[in-house]
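Excluded from the calculations below are hydrogen atoms, water molecules and symmetry mates; all remaining heavy atoms, backbone and side chain alike, are included. This is a predicted model, so every value here is computed, not measured.
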Amino acid sequence: MTLKTLDTPSAKPLLDWYDRHHRDLPWRVSPGMAARGVKADPYHVWLSEVMLQQTTVQAVKPYFARFLQRWPDVTGLADADNDEVMAAWAGLGYYARARNLKKCAEAVARGHGGVFPDTEERLKSLPGIGDYTAAAVAAIAFNRQAAVMDGNVERVISRLYAISTPLPAAKPAMKQKVALLTPADRPGDFAQAMMDLGATICTPKRPACPLCPFRDACQALKLSDPELFPVKAAKKEKPVRYGAAFIAVTGDGEILLRQRVASGLLGGMTEVPTTAWTARIDGETSAEAAPFDAAWQACGTVIHVFTHFELRLSIWRAAIAAKVGTNDGWWEPVINLEAQALPTVMKKAIATAIPLAFKTSKG
């Protein structure tokens, strides 16, 4: 049962709007489908929610389709080779998600008989599932009355109640408001409706307030400018780190690759040899730090922005007659690069040294 306060608007206008204007998404059971008896698949909901963290819907769609084609259920994903999962994830970023995705699939398959738990608390016991994902899966897959709050929902709530406390300090108060708003009936549709409203109507810039089902209740619209919400604390300037990447290519068109350590930034992903840069320290930037002696030529600089820092990599290329022995890597044909678990920053580095590398590569 939801305890309403006097300032809690009804969820009905939002659900009515959602019935007419919901987005058609490949992982979603629409209101029309639900009316025909179609049930949400917890595996689809969980997989999409993990992929969508810090990533756009358009970017996720092809990855979601490829994952389902290769691993149509959680047991298949649990049994998959870890390197294959990392390679399939390459390009989506935030690679700890992929490692936790595999661990979570294994936990569900081995510890729960391939069936996802159906409550927030039990879902949070699984690897990689935090408050948000647990609430989203509980609400959308199992119709539990859970308070689901992503960035879109934060924006809607902050404007609906004109919350002046800056983020992230405002998050607990926002979640309380979401909990009060969430109805016992159709909580999954409500959660998705809030996300859709933030994505299509209550947008960061130039929100379409006349079309909003909450327009009569919106405090930001009555008292101020909705674009002023949510209030955000001043961002700290990101530090800049420096390093170098080395692209060695043989006459047969093979490139030297290696695998990063399993933990930490880009853990378990494939890379070209680089210097020892991290989020906290710089690496060497000159050819003197190359993995072996060769006629290394400077190719330019790649700039890549991570969550907490900016990385500037000096790119060096060497054309060599034959493969050089290495203890921690392997030589891969350039035409096979698309199938490797290369994160975006490494693809940028390779493309700077070999401009056509990913146009000639076969996936």
Side-chain angles (χ1 to χ4, degrees), residues 22-30 40-109 114 116-117 120 123-124 126-142 146 148-154 188 191-196 198-200 265-270 305-307 338-347 363:
H22 60 272
R23 292 179 292 176
D24 290 320
L25 301 173
W27 46 82
R28 174 177 287 178
V29 172
S30 69
D41 186 323
Y43 174 60
H44 293 186
V45 175
W46 163 74
L47 180 61
S48 65
E49 288 298 337
V50 174
M51 288 183 167
L52 285 164
Q53 293 169 24
Q54 307 293 328
T55 311
T56 65
V57 166
Q58 287 305 116
V60 164
K61 283 181 179 179
Y63 283 88
F64 179 80
R66 287 197 293 269
F67 264 71
L68 282 193
Q69 185 176 23
R70 294 183 68 174
W71 305 295
D73 55 39
V74 71
T75 302
L77 182 58
D79 292 339
D81 181 81
N82 190 66
D83 289 343
E84 290 183 1
V85 175
M86 297 301 288
W89 190 275
L92 265 182
Y94 299 90
Y95 295 98
R97 292 182 298 166
R99 297 194 296 273
N100 286 328
L101 188 84
K102 183 69 165 62
K103 292 176 183 176
C104 185
E106 291 169 353
V108 172
F116 278 86
E120 281 186 86
L123 284 162
K124 282 193 284 188
L126 297 172
I129 293 189
D131 290 345
Y132 167 76
T133 305
V137 174
I140 299 168
F142 300 109
V148 182
M149 194 173 74
D150 69 353
N152 283 319
V153 178
E154 287 176 357
Q192 294 175 104
M194 288 285 280
M195 296 175 192
D196 281 12
T200 64
L265 185 67
L266 307 179
M269 300 300 288
T270 301
V305 179
F306 291 97
T307 305
E338 203 67 67
Q340 307 305 308
L342 289 161
T344 300
V345 63
M346 294 303 157
K347 288 184 176 180

If you compare all heavy atoms of [X] against all heavy atoms of [Y], which two are closest, and at what distance to 0.1 Å?
{"X": "Met86", "Y": "Gly267", "result": "CE-O, 3.5 Å"}
{"X": "Pro343", "Y": "Tyr95", "result": "CA-OH, 3.1 Å"}
{"X": "Met346", "Y": "Thr270", "result": "CG-O, 3.9 Å"}
{"X": "Ser30", "Y": "His22", "result": "CB-NE2, 3.6 Å"}
{"X": "Phe142", "Y": "Pro42", "result": "CZ-CG, 3.5 Å"}
{"X": "Ala107", "Y": "Pro127", "result": "CB-CD, 3.7 Å"}

From [atom1] ([X]) to [atom2] ([Y]), nearest 0.5 Å:
{"X": "Gln340", "Y": "Met269", "atom1": "CD", "atom2": "CE", "result": "10.5 Å"}
{"X": "Leu92", "Y": "Thr56", "atom1": "CG", "atom2": "OG1", "result": "9.0 Å"}
{"X": "Met195", "Y": "Ile140", "atom1": "CE", "atom2": "CD1", "result": "4.5 Å"}
{"X": "Lys61", "Y": "Leu25", "atom1": "NZ", "atom2": "CG", "result": "6.0 Å"}
{"X": "Asp73", "Y": "His44", "atom1": "CG", "atom2": "NE2", "result": "8.5 Å"}
{"X": "Glu120", "Y": "Ile129", "atom1": "CD", "atom2": "CD1", "result": "11.5 Å"}

Taking salt bridge (charged side-chain N to carboxylate O under 4.0 Å, His left out) as the definition, give me every residue that meets it alongside [X], ordered by chain and number, with sequence neighbours left out.
{"X": "Glu154", "result": "Lys171"}
{"X": "Asp131", "result": "Lys124"}
{"X": "Asp196", "result": "Arg23, Arg28"}
{"X": "Asp79", "result": "Arg110"}

Side-chain contact test, heavy atoms from C-beta onward, threshold under 4.5 Å: evaluate it for Val345 versus Leu266 and give yes or no. yes
Contact between Gln53 and Thr133 at the side-chain level, heavy atoms closer than 4.5 Å - yes or no? yes
Can you name the side-chain hydrogen bond (donor to acceptor under 3.5 Å, both in side chains) partners of [X], sequence neighbours left out?
{"X": "Tyr132", "value": "Glu49"}
{"X": "Thr200", "value": "none"}
{"X": "Asn82", "value": "none"}
{"X": "Ser48", "value": "none"}

Could you walk me through whether Val57 and Trp27 satisfy the side chain to side chain contact (heavy atoms under 4.5 Å, CB included) test, starting with their C-alpha distance in whole Å, then the side-chain angles of each, then the deciding distance to 0.1 Å, before giving a yes or no? CA-CA 11 Å; Val57 166; Trp27 46 82; 4.1 Å; yes
For residues 93-104, pull every pair meeting salt bridge (Lys or Arg N to Asp or Glu O under 4.0 Å), keeping only residues two or more places apart or in separate chains. Lys102-Glu106
Hits for ring-ring contact (aromatic ring centres under 6.0 Å, His included) against Tyr94, two or more places apart or cross-chain, chain-then-number order -> none
Please tabulate, for side-chain N and O atoms in residues 62-71, each donor-acceptor pair with protein atoms closer than 3.5 Å (sequence neighbours left out).
{"from": "Tyr63", "atom 1": "OH", "to": "Ala90", "atom 2": "O", "distance (Å)": "2.8"}
{"from": "Arg70", "atom 1": "NH2", "to": "Glu84", "atom 2": "OE1", "distance (Å)": "3.4"}

Any residue meeting side-chain contact (heavy atoms from CB on, under 4.5 Å) with Ala105, in chain and number order, not counting sequence neighbours: Trp46, Val74, Leu77, Ala78
Identified side-chain contact (heavy atoms from CB on, under 4.5 Å) partner of Val137 from the options Val45, Leu126, Val148: Val45
